[in-house]
S.K.: 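I have a structure I would like to understand better, so I am pasting it below and will then ask my questions one at a time.
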Amino acid sequence: MVNNRIKELAAAYKSEFIANRRHLHANPELSFQEFQTAAFVEKQLRGFGINQIEHKAGTGILAIIEGNSPSKKVIALRGDMDALPIVEQNDVSYKSTIPGVMHACGHDVHTASLLGAAKILNEIKDQFEGTVKLIFQPGEELIPGGASLMIKDKALENPRPSGIIGQHVMPFIPVGKVGFRKGMYMASADELYITVKGKGGHGAMPETLVDPVLIASHMIVALQQVVSRNASPKIPSVLSFGRVEALGATNIIPNEVKIQGTFRTLNEEWRAKAHGHMVNIAKGIVEGMGGELDFEVRRGYPFLKNAEALTARAQEAAIQYLGQENVVDLDIWMAAEDFSYYTQEIDGCFYRLGTRNESKGIVSGVHTPTFDIDEDALEIGAGLMAWIAINELGSL
Ligand SMILES: [Zn+2]
Ligand SMILES: [Zn+2]
């Protein structure tokens, strides 16, 4: 069985996967600056004997592995490569050597796992049919998202994959397990930048002012009605404001208030409508109270939908590979992920790789200075991805 061969190879190369992950972890690069990372990926791929390599979207790498009858079916595997502007607080030998930059979202794990899957797949390419496209993308953490740029740069063309598989570390799932969800999975995320302008002055003379603090307060409360009254109860939506800046004092009313927030949901039609509702409600309140409004909606990633059939097959493949007890169902997750751009073009399956190990104290969430993984996850990350790809393509 190819399944067993993949397991053997993943176990045999485990220390290499870990070494690669540690190298990447120690040398993180911010979004769209993944120059050394891309060079490392290319060198590794060439070392495996994979030479069909193209540079895409600046620091992205696209590579191709052809099995038998390469044009029969094409499947894409995706890993993201960028790190975050966080100062690492872990005391480990592979701690970040770049001040203020850290792989705190596990993209080092995704890149090392995809390299591992590539090595395995290349070694057994006489045992499957079709073509595997490896997409090492830049800039997942930063709008407009490296995925959208890879698509613009034709990463999904020539040949066009029938589906794309991505994986992401999940510190809430114990190492050894993986998680899947068919259909709606992750949210769209739009950034809101609002300025309410009024007329400031002495706090003791309200009759001479247009108080932007009071107007902004009414506006924030009223905007919650978009979620409670305009949104369908069947579509999850979140509207949160995390920054309100009114630089007055006890007795000084400022001229303006600046507000920042995020709007997330799981339906593109409703998302567009919600933007309109928010602007209209804000405008009505602000102008009705004599102020002026500047409301910018900075569009982020679309919502992520896992294709039903592809995800069902991938989950079944994971059960064969890891056993039923190690494959869990996931809940909807209101974070955003630029993998969603691929799923707007072709069928996609984005699954979670468990990395938690309480006995080793590995419990921190992603985007925190103490995030780390149980590195046993890499053997699964590489092997399972290779197995899902072959399961899609058909083994000989
Ligand atoms: Zn992240
Ligand atoms: Zn991430």
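In each ligand, atom 1 is the first atom listed, and ligand 1 is the first ligand listed. All residue numbers refer to positions in the sequence shown, counting from 1. Only a predicted model underlies this, so the values are computations on that prediction, with no experimental measurement involved.
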S.K.: Looking only at side-chain N and O atoms, does Arg352 offer a donor or acceptor that is under 3.5 Å from a partner on Tyr185?
M.R.: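 Yes, because at least one side-chain N or O of Tyr185 sits under 3.5 Å from a partner of the opposite role on Arg352.
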S.K.: Do any protein N, O or S atoms sit under 2.8 Å from the Zn ion (ligand 2), and which ones are they?
M.R.: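 Listed by chain and number, the atoms are Cys105 SG, His107 NE2, His168 NE2.
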S.K.: Under 6.0 Å from the ring centre and within 45 degrees of the ring axis: does the NZ or CZ of Arg78 meet both conditions for the six-membered ring of Phe339?
M.R.: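 Because its charged atom misses either the 6.0 Å distance or the 45° angle limit, Arg78 does not stack over Phe339.
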S.K.: Kindly write out the residues that satisfy salt bridge (Lys or Arg N to Asp or Glu O under 4.0 Å) with Asp294, not counting sequence neighbours, or none if the list is empty.
M.R.: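 Checked Asp294 against salt bridge (Lys or Arg N to Asp or Glu O under 4.0 Å); zero matches.
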S.K.: Does Glu256 have any side chain to side chain donor-acceptor pair (under 3.5 Å) partners at least two apart in sequence or in another chain, and if so, which?
M.R.: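 With sequence neighbours excluded, Glu256 shows a side chain to side chain donor-acceptor pair (under 3.5 Å) to no residue whatsoever.
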S.K.: One thing to verify: whether Glu316 and Arg313 come together as a salt bridge, which I'm taking to mean a side-chain N less than 4.0 angstrom from a carboxylate O.
M.R.: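 Result for this pair is no, no salt bridge flagged.
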S.K.: Sequence neighbours excluded, which residues qualify as side chain to side chain donor-acceptor pair (under 3.5 Å) partners of Lys72?
M.R.: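 Once residues adjacent in sequence are excluded, the partners of Lys72 under the side chain to side chain donor-acceptor pair (under 3.5 Å) criterion are Glu129.
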